[in-house]
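When a residue number appears, it is its place in the shown sequence, counting from 1.
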Amino acid sequence: MAADTSPVWFISGCSTGFGRELAQQTIARGFRVVVTARDTAKVADLVDGHDNALAVTLDVTQQSSIDQAVQAALNAFGTIDVLVNNAGYGYQSSVEEAEEQAIRAQFDANVFGLFALTRAVLPAMRKARRGHVINITSVAGFIGFASSGYYSASKHAVEGWSDSLAQEAGPLGIHVTCVEPGPFRTDWAGRSLHQTPSTLPEYADTAAARMKATAEYSGTQKGDPARAAQAMIAITEHDHPPRHLVMGAWGYEAVTSKLKERLAQIEAWKQTSVETDFPE
């Protein structure tokens with residue numbers, strides 16, 4: 001067993017992508033790590049031979065599963081220092097053609113499951129007066145792209161909620177960081193992606209075109225999940241970790257350009273904005 005002073009990490013969604021990479025690197029560093037997946041057989045190799053790691057079944061859309069997983073972590077290690085909310089997936093469709101069941105499933109995993117898991121972990125962090133909540137959102141948490149309306153909405157929701165959490169938990173010694181990846185070489189655009197194909201000709205050049213492009217670049221993205229994991233570990237060791245950490249050069253350029261454009265538009269309409277107050 002690793003020394004009691006090593007940090008305890010709880011990572012959701014470790015079967016692929018960022019979650020798997022983070023699990024590998026934190027375990028290798030000797031951290032105490034709770035590795036979770038809906039099917040623990042898919043993460044058994046990560047914990048095999050490591051007494052500082054525990055594989056736990058977790059479906060973030062089921063409250064009973066969340067409660068059992070968090071309790072198993074606390075029983076094993078006594079506390080949780082870092083929660084990584086990584087579980088989730090992408091859904092693409094045009095806004096008009098999206099399926100109601102698919103939309104709700106997207107929010108159950110990306111939003112409500114993340115909220116519920118964080119609520120379950122916060123008591124341990126509050127008691128310890130320390131902790132770090134890392135929410136894997138997306139560049140889509142700042143920018144809505146054609147075909148990603150509901151995915152983007154789920155990530156925007158987590159971004160706004162994280163602002164509130166940071167204000168409430170910050171005075172208790174709990175940091176909150178949203179990590180916003182651009183295109184990375186994970187399964188997001190491949191096996192994990194859900195789509196409702198666009199068949200209306202009016203969306204051929206927008207939603208349908210972007211869905212096609214997403215499928216074509218899967219596996220060739222510039223983003224390196226291993227380097228992303230290193231960066232996420234590094235911010236937990238910083239006295240003043242960032243509230244936002246955009247990942248990848250493309251993501252950085254896209255987010256900063258969008259924020260500048262948004263600010264310029266708000267400033268351009270300043271007079272109209274301020275004139276909606278009661279006259280002095």
Side-chain angles (χ1 to χ4, degrees), residues 1-62 64-89 109 113-114 116-125 127-128 130-136 174-175 177 179 181 184-188 191-192 224-238 241 245 247:
M1 181 66 69
D4 288 345
T5 56
S6 65
V8 178
W9 283 57
F10 186 109
I11 309 169
S12 70
C14 294
S15 58
T16 61
F18 292 122
R20 186 174 186 84
E21 192 64 51
L22 265 176
Q24 289 176 324
Q25 293 195 27
T26 50
I27 291 169
R29 289 179 182 230
F31 299 169
R32 293 172 289 172
V33 186
V34 182
V35 179
T36 73
R38 284 179 296 178
D39 180 3
T40 53
K42 294 181 178 179
V43 296
D45 62 305
L46 293 172
V47 303
D48 187 36
H50 297 282
D51 60 4
N52 60 315
L54 176 70
V56 176
T57 301
L58 175 62
D59 180 346
V60 297
T61 68
Q62 301 295 324
S64 60
S65 179
I66 290 172
D67 292 340
Q68 291 169 12
V70 172
Q71 191 58 55
L74 295 176
N75 289 345
F77 300 127
T79 191
I80 296 171
D81 297 301
V82 180
L83 167 64
V84 182
N85 281 309
N86 171 69
Y89 62 92
L114 181 150
L117 178 55
T118 306
R119 288 198 306 271
V121 170
L122 281 173
M125 292 185 174
K127 180 180 178 182
R130 71 174 188 275
H132 199 152
V133 177
I134 298 177
N135 296 322
I136 310 296
I174 302 168
H175 301 294
T177 298
V179 172
F184 269 71
R185 208 167 296 181
T186 67
D187 281 340
W188 186 94
R191 181 188 60 80
S192 299
D224 180 353
R227 293 190 179 200
Q230 291 169 12
M232 283 185 260
I233 293 169
I235 64 170
T236 67
E237 298 170 340
H238 199 284
L245 182 64
M247 294 281 197

Check whether any side-chain heavy atom of Ile136 sits under 4.5 Å from a side-chain heavy atom of Met247, and report yes or no.
-> no
Interatomic distance, CZ@Arg227 vs CD@Gln25, rounded to 0.5 Å, equals 11.5 Å
Ignoring hydrogens and angles, tell me if any N or O in the side chain of Thr40 forms a donor-acceptor pair with the backbone of Ala55 under 3.5 Å.
no
Item checked: Residues Arg20, Asp45; criterion side-chain contact (heavy atoms from CB on, under 4.5 Å); working and verdict -> CA-CA 11 Å; Arg20 186 174 186 84; Asp45 62 305; 2.3 Å; yes
Only residue of Val82, Thr36, Val84 satisfying side-chain contact (heavy atoms from CB on, under 4.5 Å) with Phe10 is Thr36
Can any side-chain N or O of Asn86 pair as donor or acceptor with the backbone N or O of Gly13 at less than 3.5 Å?
yes
Nearest heavy-atom approach of Leu58 to Ser12 is CD2-CB, 3.9 Å
side-chain contact (heavy atoms from CB on, under 4.5 Å) with Val133: of Ile80, Leu114, Asn85, only one passes, and it is Asn85
Taken in chain and number order and not counting sequence neighbours, the residues that satisfy side chain to side chain donor-acceptor pair (under 3.5 Å) with Thr236 are none
Practice task
Mind running side-chain contact (heavy atoms from CB on, under 4.5 Å) on Leu83 and Met125 for me, showing each step along the way?
Solution key: CA-CA 10 Å; Leu83 167 64; Met125 292 185 174; 4.0 Å; yes
Correct closest heavy-atom pair for Glu21 and Pro225 would be CG-O, 3.5 Å
| request: State whether the side chain of Asn52 and the backbone N or O of Ile27 hold a donor-acceptor pair below 3.5 Å, judged by distance alone. | output: yes
What one should report as the nearest heavy-atom pair of Arg130 and Asp81 is NE-OD1, 3.0 Å
When every non-hydrogen atom of Ser15 is compared with those of Lys42, the smallest separation belongs to CB-CB, 4.0 Å
Between Cys14 and Val35 the two heavy atoms that sit nearest each other are CB-CG1, 3.5 Å
One should read off an interatomic distance between His132 NE2 and Ile174 CD1, to the nearest 0.5 angstrom, of 11.0 Å
Nearest heavy-atom contact between Val34 and Val56 is CG1-CG2, 3.8 Å
Taking C-beta and beyond as the side chain, do Val47 and Val33 meet within less than 4.5 Å on heavy atoms?
no
Using modelled atom types only, decide if a donor and an acceptor are shared between the side chain of Arg32 and the backbone of Ser6 within a distance under 3.5 Å.
yes
Rounding to 0.5 Å, atoms CD1 (Ile66) and CZ (Arg119) come to a distance of 8.0 Å
- Query: Are side-chain heavy atoms of Phe18 and Val179 found at a separation under 4.5 Å?
  - Reply: no
CD of Gln230 to CG of Asp224, rounded to nearest 0.5 Å, is 7.5 Å
Residues 64-73 vs salt bridge (Lys or Arg N to Asp or Glu O under 4.0 Å), sequence neighbours excluded, gives none
